[in-house]
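Numbers for residues simply follow the sequence, beginning at 1.
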Amino acid sequence: MKSVVFSFKGSSFARPHFHGLRNLDVKYFCKRYLKHIAFVLLLLVGLAVGAVFARNADEQLMNSLDFLFTTNISARLEQDAFEIFCACFASDFVFLLAIFLLGMAPWGIPVMPFVILFKGFGTGITAGYLVSLHALTGVGFYLLIILPGTFLFCFALVLMSVNSLNCSAKMFIQIIGKTNQITALSEQIKWYLSRSMSSLIMTFCAAIIDTALWMMFSGAFKF
């Protein structure tokens with residue numbers, strides 16, 4: 001009897017069932033997180049373009065982009081903890097605010113991909129410039145000091161973008177529809193504001209992480 005049971009468990013009758021479950025899991029994951037995946041891909045495309053562009057970027061251009069991205073390392077190294085926190089938080093908050101405002105507009109969806117692409121571009125140009133200018137030292141600096149906070153903020157930005165897209169789409173549908181717009185929009189805005197707080201908190205935490213890593217480890221790198 002045991003041999004019959006074990007042979008049945010190991011037989012090919014069970015394998016199609018598990019393959020079917022795997023296929024269902026993949027389809028469910030893609031369906032549920034399709035918007036997240038799309039925004040992550042936009043970030044990666046922007047990152048790749050920025051990394052390629054960084055090879056031909058001059059120092060003047062990089063310094064001019066320092067408000068939005070960490071491109072002027074020498075100036076940032078001379079700042080104290082409060083100044084570093086303000087610079088990191090402000091550069092991230094600009095993108096978060098842009099996505100938030102686009103979510104409050106029924107026409108915001110077509111503009112969101114460009115904001116995400118630009119953020120990815122800035123991330124790529126920072127990494128590419130450090131690597132092209134400082135080689136392995138730049139790689140270590142980016143991975144140890146810049147990447148952790150950047151990764152957390154990008155995660156927050158993707159979540160914010162998905163919520164913003166949903167809010168903008170619902171607003172558009174409600175405006176062109178015949179529903180009770182005042183009540184519906186009020187509830188939608190409350191939902192959107194509550195979801196946005198989590199992204200704002202993560203952005204704040206990302207700036208704290210950036211500041212802590214800059215203060216602890218930036219002195220170990222000589223540029």
Side-chain angles (χ1 to χ4, degrees), residues 29-50 65-71 76 81-127 142-143 145-174 184-214:
F29 180 84
C30 293
K31 184 178 180 180
R32 182 173 181 178
Y33 297 105
L34 180 61
K35 299 171 185 176
H36 299 78
I37 295 171
F39 283 118
V40 169
L41 289 176
L42 285 172
L43 275 173
L44 293 176
V45 170
L47 190 150
V49 174
L65 293 173
D66 189 58
F67 175 74
L68 294 175
F69 315 112
T70 307
T71 52
R76 192 69 61 91
F82 180 74
E83 291 173 334
I84 292 174
F85 173 82
C86 291
C88 294
F89 183 77
S91 61
D92 290 341
F93 184 74
V94 167
F95 290 95
L96 197 72
L97 180 62
I99 292 295
F100 174 80
L101 294 177
L102 289 172
M104 299 288 285
W107 45 262
I109 294 177
V111 187
M112 293 178 194
F114 296 99
V115 177
I116 302 300
L117 279 171
F118 190 56
K119 175 56 183 177
F121 174 83
T123 304
I125 201 172
T126 300
Y142 186 84
L143 293 177
I145 298 177
I146 299 179
L147 183 60
T150 299
F151 180 83
L152 179 59
F153 173 69
C154 287
F155 181 78
L157 187 63
V158 168
L159 293 181
M160 184 73 182
S161 300
V162 173
N163 293 329
S164 180
L165 186 147
N166 292 334
C167 185
S168 180
K170 290 179 181 178
M171 282 186 175
F172 180 77
I173 293 172
Q174 290 167 3
L185 287 176
S186 176
E187 293 299 322
Q188 180 62 31
I189 291 174
K190 289 180 181 178
W191 171 86
Y192 184 53
L193 290 175
S194 64
R195 292 298 183 90
S196 301
M197 283 302 299
S198 60
S199 295
L200 181 61
I201 292 171
M202 282 189 283
T203 302
F204 185 83
C205 292
I208 292 177
I209 292 173
D210 281 335
T211 304
L213 292 176
W214 274 87

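For Ala156 against Met202, the heavy-atom pair with the smallest separation is CB-CB, 3.7 Å. Across all their heavy atoms, His36 and Val158 have their closest contact at O-CG1, 4.0 Å. Shortest non-hydrogen contact noted between Ala206 and Leu152 is N-CD2, 3.7 Å. Heavy-atom minimum distance, Met112 versus Ser161: SD-O, 4.2 Å. The heavy-atom pair separating Ser168 from Gly108 by the smallest distance is OG-N, 3.5 Å. Heavy atoms only, all atoms of each residue included: Cys167 and Gly103 are closest at SG-O, 3.4 Å.
The distance from the CD atom of Gln188 to the CG atom of Asn166 is 8.0 Å, given to the nearest 0.5 Å. Taking OG1 of Thr123 as the reference point, atom OH of Tyr142 lies at 5.5 Å (rounded to 0.5 Å). Ile209 CD1 to Phe153 CZ: the interatomic distance, rounded to the nearest 0.5 Å, is 13.0 Å. We find the CD1-CE distance between Ile99 and Met104 to be 14.0 Å, quoted to the nearest 0.5 Å. Interatomic distance, CD1 of Ile146 versus CG of Leu213, reported as 10.0 Å (0.5 Å rounding). In this structure, Ile84 CD1 and Trp214 CH2 are separated by 6.5 Å, a value rounded to the nearest 0.5 Å.
In terms of the side chain to side chain contact (heavy atoms under 4.5 Å, CB included) criterion, residue partners of Pro113 (sequence neighbours excluded) are, by chain and number, Leu42. Shown here are the ring-ring contact (aromatic ring centres under 6.0 Å, His included) partners of Phe204, two or more places apart in sequence or in another chain: Phe85.
The closest side-chain heavy-atom distance from Leu200 to Met160 is not below 4.5 Å. Residues Leu101 and Leu97 are in side-chain contact: their nearest non-hydrogen atoms beyond the backbone lie under 4.5 Å apart.
The side chain to side chain contact (heavy atoms under 4.5 Å, CB included) test with Phe39 is passed by exactly one of Leu117, Leu157, Leu165: Leu165.
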(request) Apply side-chain contact (heavy atoms from CB on, under 4.5 Å) to the pair Phe100 and Leu193, showing each step before the final yes or no. (result) CA-CA 9 Å; Phe100 174 80; Leu193 290 175; 3.5 Å; yes
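Note: Phe121 and Phe118 have parallel aromatic rings, judged against thresholds of 30 and 60 degrees for the angle between ring planes.
Identified under the side-chain hydrogen bond (donor to acceptor under 3.5 Å, both in side chains) test for residues 192-210, with sequence neighbours left out: Ser164-Tyr192.
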